[in-house]
Amino acid sequence: ISVLLTLFVWQESQVSRNAAAEIKTDDIPGFRQYVNVRNGVLQVKNAALMYLHRDVRAKAEFVAASQYLNEEYEKLVPLESVKATDIEKMNKIKHLYQSYLKSVEQAVLSSYNPADEAWALQQLEAYNSDTGKNTEALLVAAQQEEYNDALKSNNLQESLQDDLPGVRA
(Lines give C-alpha, C1' and ligand atoms only; values in the text may rest on other atoms or scores of the structure.)
Protein backbone atom coordinates (compact mmCIF):
# COMPACT_ATOMS: atom_id res chain seq x y z
CA ILE A 1 0.00 0.00 0.00
CA SER A 2 2.77 2.42 0.85
CA VAL A 3 4.45 1.82 -2.55
CA LEU A 4 1.15 2.46 -4.34
CA LEU A 5 0.54 5.59 -2.29
CA THR A 6 4.08 6.80 -3.06
CA LEU A 7 3.63 6.16 -6.78
CA PHE A 8 0.29 7.96 -6.75
CA VAL A 9 1.76 11.01 -4.96
CA TRP A 10 4.78 10.97 -7.29
CA GLN A 11 2.52 10.88 -10.38
CA GLU A 12 0.37 13.74 -9.08
CA SER A 13 3.45 15.82 -8.34
CA GLN A 14 4.70 15.16 -11.91
CA VAL A 15 1.37 16.36 -13.32
CA SER A 16 1.61 19.48 -11.16
CA ARG A 17 5.22 20.09 -12.24
CA ASN A 18 4.31 19.68 -15.91
CA ALA A 19 1.37 22.06 -15.55
CA ALA A 20 3.59 24.60 -13.77
CA ALA A 21 6.20 24.34 -16.52
CA GLU A 22 3.55 24.81 -19.20
CA ILE A 23 2.10 27.82 -17.41
CA LYS A 24 5.55 29.31 -16.95
CA THR A 25 6.56 28.87 -20.57
CA ASP A 26 3.21 29.23 -22.31
CA ASP A 27 0.49 31.04 -20.42
CA ILE A 28 2.39 34.05 -19.07
CA PRO A 29 4.07 35.05 -22.37
CA GLY A 30 0.81 34.32 -24.18
CA PHE A 31 -1.11 36.47 -21.73
CA ARG A 32 1.36 39.32 -22.23
CA GLN A 33 0.97 39.05 -25.99
CA TYR A 34 -2.83 39.03 -25.70
CA VAL A 35 -2.53 42.25 -23.71
CA ASN A 36 -0.26 43.73 -26.40
CA VAL A 37 -2.71 42.72 -29.15
CA ARG A 38 -5.56 44.27 -27.17
CA ASN A 39 -3.51 47.47 -26.78
CA GLY A 40 -2.98 47.47 -30.54
CA VAL A 41 -6.74 47.18 -31.11
CA LEU A 42 -7.34 50.07 -28.68
CA GLN A 43 -4.73 52.21 -30.46
CA VAL A 44 -6.40 51.53 -33.81
CA LYS A 45 -9.84 52.44 -32.42
CA ASN A 46 -8.46 55.58 -30.78
CA ALA A 47 -6.81 56.71 -34.02
CA ALA A 48 -10.04 56.14 -35.98
CA LEU A 49 -12.04 58.16 -33.45
CA MET A 50 -9.48 60.97 -33.47
CA TYR A 51 -9.68 61.06 -37.26
CA LEU A 52 -13.46 61.37 -37.06
CA HIS A 53 -12.94 64.31 -34.71
CA ARG A 54 -11.08 66.18 -37.47
CA ASP A 55 -7.53 65.26 -36.44
CA VAL A 56 -5.79 64.76 -39.79
CA ARG A 57 -2.65 63.36 -38.09
CA ALA A 58 -4.71 60.43 -36.81
CA LYS A 59 -4.62 58.80 -40.25
CA ALA A 60 -0.88 58.22 -39.91
CA GLU A 61 -1.44 57.09 -36.31
CA PHE A 62 -4.01 54.59 -37.59
CA VAL A 63 -1.50 53.14 -40.05
CA ALA A 64 1.18 52.90 -37.33
CA ALA A 65 -1.27 51.31 -34.89
CA SER A 66 -2.34 48.81 -37.55
CA GLN A 67 1.28 47.83 -38.12
CA TYR A 68 1.81 47.50 -34.36
CA LEU A 69 -1.30 45.31 -34.10
CA ASN A 70 -0.08 43.04 -36.91
CA GLU A 71 3.37 42.73 -35.34
CA GLU A 72 1.98 41.89 -31.90
CA TYR A 73 -0.42 39.36 -33.40
CA GLU A 74 2.45 37.67 -35.26
CA LYS A 75 4.32 37.39 -31.94
CA LEU A 76 1.23 35.83 -30.34
CA VAL A 77 0.66 33.14 -32.97
CA PRO A 78 3.64 30.88 -32.07
CA LEU A 79 2.74 31.10 -28.38
CA GLU A 80 -0.89 30.12 -28.91
CA SER A 81 -0.79 27.60 -31.77
CA VAL A 82 -0.15 24.36 -29.93
CA LYS A 83 -3.54 22.70 -30.36
CA ALA A 84 -5.95 22.70 -33.29
CA THR A 85 -8.43 24.72 -31.24
CA ASP A 86 -5.73 27.32 -30.56
CA ILE A 87 -4.96 27.60 -34.27
CA GLU A 88 -8.65 28.03 -35.01
CA LYS A 89 -8.88 30.71 -32.31
CA MET A 90 -5.87 32.54 -33.75
CA ASN A 91 -7.40 32.45 -37.23
CA LYS A 92 -10.66 33.85 -35.89
CA ILE A 93 -8.85 36.65 -34.05
CA LYS A 94 -6.92 37.52 -37.21
CA HIS A 95 -10.07 37.50 -39.32
CA LEU A 96 -11.91 39.73 -36.84
CA TYR A 97 -9.23 42.37 -36.49
CA GLN A 98 -8.42 42.41 -40.22
CA SER A 99 -12.07 42.84 -41.14
CA TYR A 100 -12.29 45.67 -38.60
CA LEU A 101 -9.21 47.36 -40.08
CA LYS A 102 -10.58 46.96 -43.60
CA SER A 103 -13.99 48.37 -42.68
CA VAL A 104 -12.43 51.39 -40.91
CA GLU A 105 -10.19 52.04 -43.90
CA GLN A 106 -13.14 51.86 -46.31
CA ALA A 107 -15.83 53.58 -44.25
CA VAL A 108 -13.74 56.21 -42.50
CA LEU A 109 -10.29 56.84 -43.91
CA SER A 110 -11.10 56.70 -47.61
CA SER A 111 -14.55 58.31 -47.55
CA TYR A 112 -14.11 61.03 -44.94
CA ASN A 113 -11.62 63.86 -45.02
CA PRO A 114 -11.47 66.25 -42.06
CA ALA A 115 -9.86 68.91 -44.26
CA ASP A 116 -12.88 68.81 -46.61
CA GLU A 117 -15.25 69.15 -43.68
CA ALA A 118 -13.26 72.09 -42.29
CA TRP A 119 -13.36 73.76 -45.72
CA ALA A 120 -17.13 73.19 -45.99
CA LEU A 121 -17.72 74.62 -42.51
CA GLN A 122 -15.57 77.64 -43.39
CA GLN A 123 -17.54 78.18 -46.60
CA LEU A 124 -20.82 77.87 -44.72
CA GLU A 125 -19.68 80.38 -42.12
CA ALA A 126 -18.58 82.79 -44.85
CA TYR A 127 -21.93 82.36 -46.61
CA ASN A 128 -23.88 82.93 -43.41
CA SER A 129 -21.87 86.00 -42.44
CA ASP A 130 -22.05 87.59 -45.90
CA THR A 131 -24.85 86.37 -48.14
CA GLY A 132 -27.09 85.13 -45.36
CA LYS A 133 -27.08 88.47 -43.54
CA ASN A 134 -27.69 90.36 -46.79
CA THR A 135 -30.59 88.05 -47.63
CA GLU A 136 -32.05 88.45 -44.16
CA ALA A 137 -31.80 92.23 -44.37
CA LEU A 138 -33.48 92.17 -47.79
CA LEU A 139 -36.33 89.99 -46.49
CA VAL A 140 -36.86 92.24 -43.47
CA ALA A 141 -36.95 95.31 -45.74
CA ALA A 142 -39.43 93.61 -48.11
CA GLN A 143 -41.64 92.61 -45.19
CA GLN A 144 -41.62 96.17 -43.84
CA GLU A 145 -42.42 97.50 -47.30
CA GLU A 146 -45.41 95.15 -47.61
CA TYR A 147 -46.62 96.22 -44.18
CA ASN A 148 -46.27 99.91 -45.08
CA ASP A 149 -48.15 99.29 -48.35
CA ALA A 150 -50.93 97.62 -46.40
CA LEU A 151 -51.20 100.65 -44.10
CA LYS A 152 -51.30 103.09 -47.02
CA SER A 153 -53.83 101.16 -49.07
CA ASN A 154 -57.42 102.38 -49.29
CA ASN A 155 -58.63 99.05 -50.65
CA LEU A 156 -59.13 96.47 -47.91
CA GLN A 157 -59.40 93.60 -50.40
CA GLU A 158 -56.02 94.49 -51.94
CA SER A 159 -54.40 94.72 -48.52
CA LEU A 160 -55.74 91.30 -47.49
CA GLN A 161 -54.76 89.56 -50.71
CA ASP A 162 -51.57 91.32 -51.73
CA ASP A 163 -49.89 93.15 -48.86
CA LEU A 164 -50.70 91.23 -45.68
CA PRO A 165 -49.71 87.73 -46.90
CA GLY A 166 -46.20 89.09 -47.45
CA VAL A 167 -46.17 90.39 -43.89
CA ARG A 168 -47.15 87.01 -42.39
CA ALA A 169 -44.13 85.28 -43.86
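Just so it is clear, the values below take in all heavy atoms, side chains as well, and ignore hydrogens, waters and symmetry mates.
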message: If I compare all heavy atoms of Leu69 with all of Val37, which pair ends up nearest, and what's the gap?
response: CD1-O, 3.4 Å
- prompt: Any side-chain heavy atom of Val35 within less than 4.5 Å of one from Asn39?
  reply: yes
field: Cluster overlap Val108 with Phe62, hydrophobic side-chain contacts below 4.5 Å
entry: yes
field: Interatomic spacing from OG in Ser110 to CD in Glu105 - rounded to 0.5 Å
entry: 8.0 Å
Where Leu52 and Tyr112 come nearest, the two heavy atoms and their spacing: O-OH, 3.6 Å
- line: Interatomic distance, CD@Gln43 vs CG@Asn46, rounded to 0.5 Å, equals 8.5 Å
Pair Gln33-Asn36, side-chain donor/acceptor within less than 3.5 Å: yes
field: Smallest separation among heavy atoms of Val56 and Pro114, with atom names
entry: CG2-CB, 4.0 Å
query: Which distance, rounded to the nearest 0.5 Å, do you find between the CD of Glu117 and the CG of Leu121?
result: 5.0 Å
- request: Can you establish whether the number of heavy atoms outside Met90 located under 6.0 Å from its atom CE is more than 12?
  value: yes
- request: Using a cut-off of 6.0 Å, state whether more than 12 heavy atoms not belonging to Glu74 lie near its atom CD.
  value: yes
- prompt: Shortest non-hydrogen contact from Ala47 to Ala58?
  reply: O-CB, 3.3 Å
message: Could you check whether Lys75 pairs with Glu72 (Lys NZ or Arg NE/NH1/NH2 to Asp/Glu carboxylate O, under 4.0 Å)?
response: yes
message: Atom NZ of residue position Lys89 - does it have more than 12 heavy atoms of other residues, nucleotides or ligands inside 6.0 Å?
response: yes
Value rounded to 0.5 Å, distance of CD in Glu145 from CG in Leu138: 9.5 Å
message: Is the shortest side-chain heavy-atom distance between Tyr51 and Asn113 below 4.5 Å?
response: yes
message: Under 4.5 Å between side-chain heavy atoms, counting indirect links through other Ile/Leu/Val/Met/Phe/Trp/Tyr residues: same cluster for Leu109 and Met50 or not?
response: no
query: Among pairs that include at least one residue of residues 73-101, which meet ring pair (Phe, Tyr, Trp, His ring centres under 6.0 Å), considering only residues two or more places apart or in two chains?
result: Tyr73-Tyr97
Nearest atoms (heavy-atom pairs only) where Glu80 meets Gly30: OE2-CA, 3.6 Å
- prompt: Which pair of non-hydrogen atoms, one from Leu101 and one from Ser66, has the smallest distance, and what is that distance?
  reply: CD2-OG, 3.5 Å
message: For a 4.5 angstrom cut-off between non-hydrogen side-chain atoms, does Tyr34 reach Leu79?
response: no
